[in-house]
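Comments concern the structure below.
Just so we're on the same page: letters track the sequence lines, and every chain starts at 1.
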Amino acid sequence: MMQLQYFLIVAAALFCIGIYGLVTSRNAIRVLMSIELLLNSVNLNLMAFSNFLDPQGIRGQVFTVFVITIAAAEAAVGLAIVLSIYRNRDTVDMEQFNLLKW
Amino acid sequence: MNLADGVQIVSFVVLAAMMLGGALGVVLLDNIVYSAFLLGFVFISMSGMYILLNAAFVAAAQVLIYVGAVNVLILFGIMLVNKRQDFAPVPKAWLGKAATGLVCVGLFVLLGAMVLATPWSLSTLTPIGDGALVAIGKHFFTDFLLPFELASVLLLMAMIGAIVLARRDFLPGELAEPDETVLTLPERPRELVSSKK
C-alpha cells in the first residue's frame, strides 16, 4: 500500500535540494533551475494530498495545473531578466550582481 | 502485499531515486548543460510520480509544459549566455555552503518529523482515476473560473514582459554601414558597468 508520507518526504527532500541550490549557486541560470525544482516539489505535495485526502474532488490537481502555468511564466520572465543582466554586466555570476548592495 | 502493491512500491522507489539523484546533479554538477538535461530527467520522473498518484492528465501536462517548454527555454537561455568563465573565488565560500547545507538538512529533518507525526485524515473514497480530466474541466469553469481567467491574463503579461525585457535595441540608421565587423549583429553600443570602473 502506497503511503502519503512517502510522497511528502520525497517532496521535502526535493525542496531542500532546491533551497540549497538556490542559495549556493553562482550561475544565474542554475538559480532559475533551482526555482523550478522548488515549484516541482510543491506540485508533488499538492498531487499527493489530492490523491490521498481528496480523491473525488481533486482540487489539488487543479492547483497543480495553476502552479505549472505560473512556473512557465516565471521561467520566461526570469530568463529574459537574466539575458538583460548579462547584456549589461557581461557576466552571469550572482556575486557580481551587486549594484543595489549597500 | 499483492502484486500491484509491489509494483507500485518498486516503481515509486525507482522514480524517487531518479528524481533525487537528478536534482542533486542539477545543483552540484559543474557543467550547466548537464544540469539542464538532468533537470528534464527530474521533470520526467516527476510525471511518473503523478501517474502513480492517479493523475494522468497532469502527468501529460507536466511532460508537455516542463520538458517541452520550460526545459527547452532554459537550454536556449544557456546557449544565449554561453560564456565560459571561471567565477572569481569568494573568500569563506565553504562557510556559506556548509551553513546552507546545515540549514537544508535541518529543514528536511523538521519537515520529515512533521510529516511522520501528523495524523493525516486519509480519505477512504476510491480515486476518481480517468474521470479526472472531466473533473478538472468542471473545476476550471465553475469554482476556479476567476483564477483560470487571471492565469491567462498573467501568461499574456509574462509573454509581453519577456519580449520587452529581452529585446535588443536596434539602430536603424546604422544598419548600412559596412565598417562594422561582419559577424556582429547591429546593436546599440552598450556601456558595461564593469568597464567604467
Exercise for the section: If the plane angle is over 60° it's perpendicular, under 30° parallel, otherwise tilted; pick one for A/Phe63 and B/Phe144. Expected result: perpendicular
Exercise for the section: Measure the acute angle between the ring planes of B/Phe12 and A/Phe7, then classify it against the limits of 30° and 60° as parallel, tilted or perpendicular. Expected result: perpendicular
Under 4.5 Å from a heavy atom of chain A, the part of [X] involved:
X: B/Leu111; answer: side chain
X: B/Leu39; answer: side chain
X: B/Val115; answer: both
X: B/Ala36; answer: both
X: B/Thr126; answer: both
X: B/Ala132; answer: both

Could you report the tightest heavy-atom contact between [X] and [Y], atom names first, then the distance?
X: A/Ala72; Y: B/Ile65; answer: CB-CG2, 4.1 Å
X: B/Ala23; Y: A/Leu14; answer: CB-CD1, 3.4 Å
X: B/Ala158; Y: A/Ala73; answer: CB-CB, 3.5 Å
X: B/Ala151; Y: A/Thr69; answer: CB-CG2, 4.3 Å
X: A/Gln61; Y: B/Asn54; answer: NE2-O, 3.8 Å
X: B/Leu20; Y: A/Ala13; answer: CD2-CB, 4.0 Å

For a 4.5 angstrom cut-off between non-hydrogen side-chain atoms, does [X] reach [Y]?
X: A/Met33; Y: B/Ile32; result: yes
X: A/Asn43; Y: B/Tyr66; result: yes
X: A/Val65; Y: B/Phe57; result: yes
X: A/Leu79; Y: B/Phe76; result: no
X: B/Ser123; Y: A/Leu53; result: no
X: B/Val103; Y: A/Tyr20; result: no
X: A/Val62; Y: B/Asp143; result: no
X: B/Met49; Y: A/Met47; result: no

Which region of [X], side chain (C-beta onward) or backbone (N, CA, C, O), has a non-hydrogen atom less than 4.5 Å from a non-hydrogen atom of chain B, or is it both or neither?
X: A/Glu95; value: side chain
X: A/Thr64; value: side chain
X: A/Thr91; value: both

Handout entry: Working for side-chain contact (heavy atoms from CB on, under 4.5 Å), residues B/Leu80 and A/Tyr86
Key = CA-CA 10 Å; B/Leu80 281 175; A/Tyr86 175 69; over 6 Å; no
Options [options], ranked by heavy-atom pairs under 4.5 Å with chain B, top entry:
options: A/Val92, A/Leu32, A/Leu22, A/Leu44; answer: A/Leu44
options: A/Asp54, A/Ile81, A/Ile9; answer: A/Ile9
options: A/Gly78, A/Gly57, A/Ser50; answer: A/Gly57

Exercise for the section: Evaluate side-chain contact (heavy atoms from CB on, under 4.5 Å) for B/Asn71 paired with A/Glu36, printing each intermediate quantity in order. Expected result: CA-CA 10 Å; B/Asn71 204 10; A/Glu36 298 296 331; over 6 Å; no
Handout entry: Criterion side-chain contact (heavy atoms from CB on, under 4.5 Å) on A/Ile17 and B/Phe108, from CA distance to verdict
Key = CA-CA 9 Å; A/Ile17 292 172; B/Phe108 176 68; over 6 Å; no
Around atom [atom1] of [X], are there more than 12 heavy atoms of other residues, nucleotides or ligands at under 6.0 Å?
X: B/Asp130; atom1: CG; value: no
X: A/Phe49; atom1: CZ; value: yes
X: A/Phe97; atom1: CZ; value: yes

Problem - Pair B/Leu165-A/Leu83, side-chain contact (heavy atoms from CB on, under 4.5 Å): steps then yes or no - result: CA-CA 8 Å; B/Leu165 278 175; A/Leu83 269 182; over 6 Å; no
Practice task
Is it possible for you to say whether B/Val72 and B/Val70 belong to one hydrophobic cluster, with membership spreading through side-chain heavy-atom contacts below 4.5 Å?
Solution key: no
Handout entry: Cluster check A/Leu39, B/Leu150: I/L/V/M/F/W/Y, side chain < 4.5 angstrom
Key = no
Problem - Backbone N/O of B/Asp30 and side chain of A/Arg30: donor-acceptor pair under 3.5 Å - result: yes
Practice task
State whether the side chain of A/Arg87 and the backbone N or O of B/Ala166 hold a donor-acceptor pair below 3.5 Å, judged by distance alone.
Solution key: yes
Practice task
For the residue pair B/Gln62 and A/Asn40, confirm or rule out a side-chain donor-acceptor distance under 3.5 Å.
Solution key: yes
Exercise for the section: Give, for atom OH of B/Tyr50 and atom CG of A/Leu46, the distance between the pair rounded to the nearest 0.5 Å. Expected result: 8.0 Å
